[in-house]
Amino acid sequence: MSSNSSSKDDDSVCMEKMEHAAVPKTKARDGWQGRMDFILTCIGYAVGLGNIWRFPYLCYKSGGGAFFIPYIIFLLLCGFPLFFMEVAFGQFSSLSPVTIWRICPLFKGVGMGMVIVSAIVCIYYNVIVAWTIYYLFMSFRSVLPWSHCHNSWNDDRCVDGLEGTLNKTMLNITSVNLTKVTASEQFWENHVLDITDGIEDSGSLRWQLFICLSLAWLCVFLCLFKGVKVLGKVMHFAAPFPYLVLLVLLIRGLTLPGAVEGIKFYIIPRWEKLADFQVWGDAALQIFYSVGMAWGGIITMASYNNFHNNAYRDAMLVPIINCGTSIFAGFVIFSVLGFMAHTAGTTVDEVVKQGPGLTFVAYPEAVAKLPISPLWAVLFFLMLYTIGLDSQTGEAESSMFGMFETCISSFIDEYPRLLRSKRVLLAAVGCFVEFLLGLPCITQGGIYVLQIMDWYCASFSLMMISLIECLVIAWIYGTERFYKDIELMIGYKPHAIWHYMWRFVTPTVIFGIWLFSIITLGPVTYDGKSYPTWAIVFGWILGIVSLVPIPLMMIIQIINTDGDTIIERVKKLTVPAKTWGPSMEDDREIYIQSLSHNTYTLSNMDGSPVDCEEALLQHKQKIDMNNS
């Protein structure tokens with residue numbers, strides 16, 4: 001009898017704790033329909049335009065194959081730890097980046113900063129997608145319009161791309177003869193952008209790009225208005241398709257004359273470059289941007305996982321795929337650049353560009369020289385369009401779908417009773433507002449505005465957000481407690497090395513990258529043109545605005561918390577909220593029992609400890625059955 005009574009008392013203590021930590025009853029949150037939905041979405045999130053237009057350029061500039069060494073080192077020191085942390089963080093709580101800071105309410109502004117960065121980048125990111133759509137439409141012609149100089153936008157400086165082997169002096173626009181411009185560059189500047197002389201002259205709205213931007217946002221809405229159920233199915237096509245096209249382009253590229261020279265230029269190490277501090281800084285920045293930490297997208301995607309999904313395995317797999325894709329894409333790009341150099345009678349370094357210069361000038365020019373060029377142009381820009389929607393871009397490497405879903409889910413999770421049933425309306429309003437904010441970027445001077453946003457919005461602020469996130473989880477919440485949370489999900493504790501990475505190594509690396517980005521971030525320029533002071537100030541405001549919620553929310557939270565002193569209020573706000581924990585009732589019950597067993601608390605919970613060894617053992621057996 002006494003044993004049964006003791007068991008009842010224990011159960012009553014657990015139930016009392018459950019009542020203290022009860023989760024409000026709302027409409028059930030969506031989740032992935034299958035395990036592959038999350039993996040494919042993360043692959044799409046982690047693989048993008050940065051793999052196509054930035055990584056190959058950095059390899060060339062930073063010593064070819066020698067660049068792989070610092071790149072892999074920073075992947076191990078920074079990429080893997082942060083990606084694993086965010087996947088586990090999101091999956092455990094099933095919450096979006098703002099609401100997830102129930103883990104430490106004092107730092108709720110960190111989540112808001114993530115959402116602001118994603119929202120700003122969404123604005124100009126879809127403009128790049130709109131450019132891609134326009135190129136895709138223009139590819140459905142028997143003769144590509146950027147392959148010759150017989151168009152209304154061409155002038156006497158134009159060099160016809162169909163003239164065969166060209167004189168080096170004519171194509172080398174960086175040489176003494178500055179008057180010659182390729183047909184593809186004039187198509188880009190004089191037709192697609194119809195660019196003005198500077199940001200002071202915004203010009204008129206480009207109606208062609210207006211239509212393409214409308215289509216881009218319509219596609220985002222159709223893929224996201226029903227939530228991750230539709231997104232998961234879309235990614236079954238959107239994630240693998242770019243790999244198929246890259247493989248086809250690589251096979252074709254390797255058969256072109258000069259391709260071998262391009263590949264050699266890409267992979268042959270120039271070891272002396274490793275002594276350059278800039279090379280190590282570029283490698284660290286590329287890893288930081290490409291893996292996609294601190295945008296909120298990883299947390300959001302992981303939050304739709306099953307609680308017992310093997311987060312450890314997925315977190316190791318996705319960064320490897322991302323970096324492997326970067327290296328693979330480099331072979332594709334440099335095989336074609338080698339062909340371009342051979343055709344022009346020049347060297348590979350004369351045709352290497354980064355960013356839009358590679359994607360919308362150099363590569364279209366190369367495609368125009370291929371047999372059946374419209375077919376290759378359609379394939380290439382269809383691949384870019386697919387990558388553009390589900391993945392990241394240049395300096396601001398994050399997912400269009402991932403970023404916008406982060407914004408939507410953050411509002412819904414923060415106000416579930418009000419917004420969860422109105423997701424379609426919220427998605428429509430969000431897409432329309434972002435579309436309106438993107439209109440300045442599709443004027444004749446829009447490229448200058450876009451350059452400001454890309455230059456400042458996702459640089460130093462992103463790294464500061466990531467640093468605070470890592471320090472809060474590792475030091476305030478505690479790695480031991482975080483290990484216990486991961487063990488509840490996957491059935492075993494991760495290797496002890498993550499404890500030291502999260503607490504010491506990774507924060508130190510992030511801080512170093514942050515210093516590097518601040519030191520090297522000069523005034524914004526575009527194509528060698530300087531910006532006026534007001535435009536630079538505007539850029540800094542855009543960069544800082546995502547950091548403002550962090551101290552602001554600290555002040556608001558302290559004011560709204562009960563306590564006699566500020567220190568007492570801060571202590572309360574650094575303890576997880578009563579609603580922190582797994583969302584499913586069965587998992588939450590086990591979590592509360594584990595807290596009692598390990599003497600952890602949610603907030604001010606009363607009750608004596610409960611011996612939960614048996615409950616935890618049964619829970620591990622349940623996980624083993626699910627994994628098998």
Side-chain angles (χ1 to χ4, degrees), residues 17 20-21 23 80-114 293-294 296 298-300 302-303 305 307 311-312 315 413 464-490 493-508 510-511 549-550 553-554 557-558 561 567-583 587-588 590-605:
K17 290 179 178 289
H20 275 287
V23 179
F80 279 117
L82 285 177
F83 196 89
F84 181 27
M85 173 180 281
E86 290 204 349
V87 169
F89 191 24
Q91 180 174 308
F92 180 77
S93 63
S94 298
L95 296 171
S96 55
V98 176
T99 315
I100 202 171
W101 286 95
R102 293 170 180 172
I103 190 175
C104 187
L106 185 65
F107 290 91
K108 187 175 183 178
V110 174
M112 292 183 174
M114 292 179 177
M293 299 86 69
I298 297 173
I299 293 174
T300 302
S303 72
N305 275 343
F307 185 76
Y312 200 4
D413 285 351
M464 182 55 64
I465 289 172
S466 183
L467 177 61
I468 295 173
E469 176 191 33
C470 189
L471 292 175
V472 169
I473 294 176
W475 288 94
I476 298 179
Y477 187 70
T479 52
E480 286 298 326
R481 185 166 180 175
F482 196 49
Y483 264 53
K484 289 290 183 182
D485 295 345
I486 297 173
E487 184 181 13
L488 284 176
M489 292 190 291
I490 65 177
K493 283 187 177 182
H495 193 279
I497 191 173
W498 301 108
H499 169 85
Y500 299 101
M501 298 297 289
W502 289 331
R503 287 174 68 90
F504 305 107
V505 179
T506 303
T508 303
I510 297 174
F511 183 72
I550 299 176
M553 285 306 300
M554 284 183 176
Q557 294 282 64
I558 290 172
T561 301
I567 294 178
E568 182 181 340
R569 295 181 184 188
V570 169
K571 285 182 178 179
K572 286 184 178 180
L573 290 170
T574 55
V575 176
K578 296 175 182 179
T579 49
W580 167 251
S583 60
D587 300 319
R588 188 168 182 79
I590 299 298
Y591 173 63
I592 300 299
Q593 291 175 350
S594 71
L595 288 183
S596 178
H597 177 65
N598 292 289
T599 68
Y600 293 128
T601 59
L602 285 176
S603 48
N604 298 319
M605 296 190 301

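Under the side chain to side chain contact (heavy atoms under 4.5 Å, CB included) criterion, Val505 pairs with Leu77, Met501, Val509, not counting sequence neighbours. Considering only residues two or more places apart in sequence or on other chains, Phe482 meets the ring-ring contact (aromatic ring centres under 6.0 Å, His included) condition with Trp502. Residues satisfying the side-chain hydrogen bond (donor to acceptor under 3.5 Å, both in side chains) criterion with Glu469, sequence neighbours excluded, are absent altogether. For the ring-ring contact (aromatic ring centres under 6.0 Å, His included) test, residues two or more places apart in sequence or in another chain that qualify with Phe511 are Trp514. By the side-chain hydrogen bond (donor to acceptor under 3.5 Å, both in side chains) test, Trp498 pairs with Tyr312, sequence neighbours left out. Checked against side-chain hydrogen bond (donor to acceptor under 3.5 Å, both in side chains), Ser303 has the following partners two or more places apart in sequence or in another chain: Arg29. Legend: residues meeting side chain to side chain contact (heavy atoms under 4.5 Å, CB included) with Met553, ordered by chain and number and at least two apart, are Lys108, Met112, Ile556, Gln557. Annotation: side-chain hydrogen bond (donor to acceptor under 3.5 Å, both in side chains) contacts of Ser466 (sequence neighbours excluded): none. Every residue two or more places apart in sequence or in another chain that forms a side chain to side chain contact (heavy atoms under 4.5 Å, CB included) with Ser93 is listed here: Leu95, Ile100, Trp580. In this structure Lys493 satisfies the side chain to side chain contact (heavy atoms under 4.5 Å, CB included) test together with Glu480, Tyr483, Lys484, Glu487, sequence neighbours excluded.
Pro97 and Met114 make their closest contact through CB-SD, 3.9 Å (heavy atoms, listed as atom of the first residue, atom of the second, distance). When every heavy atom of Val575 is checked against every heavy atom of Pro105, the shortest pair comes out as O-CD, 3.5 Å. The minimum heavy-atom distance between Ile486 and Pro494, with the atom names listed, is CG2-CG, 3.7 Å.
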Task: Chi angles and distances behind the side chain to side chain contact (heavy atoms under 4.5 Å, CB included) call for Ile510, Leu82 - done: CA-CA 10 Å; Ile510 297 174; Leu82 285 177; 3.6 Å; yes

TODO: Assess whether side chain to side chain contact (heavy atoms under 4.5 Å, CB included) is satisfied between Lys571 and Ile567, documenting all intermediate values.
DONE: CA-CA 6 Å; Lys571 285 182 178 179; Ile567 294 178; 3.9 Å; yes

Open item on the list: Between Leu488 and Asp587, is the side chain to side chain contact (heavy atoms under 4.5 Å, CB included) condition met? List the steps.
Closed with: CA-CA 8 Å; Leu488 284 176; Asp587 300 319; over 6 Å; no

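Counting heavy atoms from C-beta on, the side chains of Tyr500 and Thr479 never come closer than 4.5 Å. Within the 4.5 Å cutoff, the side chain of Ile468 has heavy atoms near those of the Ile550 side chain.
The CZ atom of Phe107 lies 11.5 Å from the CD1 atom of Ile473; values are rounded to the nearest 0.5 Å. The structure places CZ of Phe92 at 8.5 Å from CD1 of Ile103, a figure rounded to the nearest 0.5 Å. Of the inter-residue distances, the one linking Ile476 atom CD1 with Leu573 atom CG reads 10.5 Å to the nearest 0.5 angstrom.
Below 30°, between 30° and 60°, or above 60°: for Trp475 and Phe504 the angle between ring planes is above 60°, a perpendicular geometry.
Put simply, the side chain of Arg569 gets close to the backbone of Thr561: a donor and an acceptor are under 3.5 Å apart.
For Ser96 and Asp413, the side-chain atoms include at least one donor-acceptor pair closer than 3.5 Å.
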Name each donor-acceptor pair under 3.5 Å that joins a side chain in residues 83-91 to protein atoms two or more places apart or in another chain, with its distance.
residue : atom : partner : partner atom : Å
Glu86   : OE2  : Ala294  : N            : 3.0
Gln91   : OE1  : Asn305  : ND2          : 3.0
Gln91   : OE1  : Asn309  : ND2          : 3.2
Gln91   : NE2  : Phe307  : O            : 3.2
Gln91   : NE2  : Asn309  : O            : 2.7

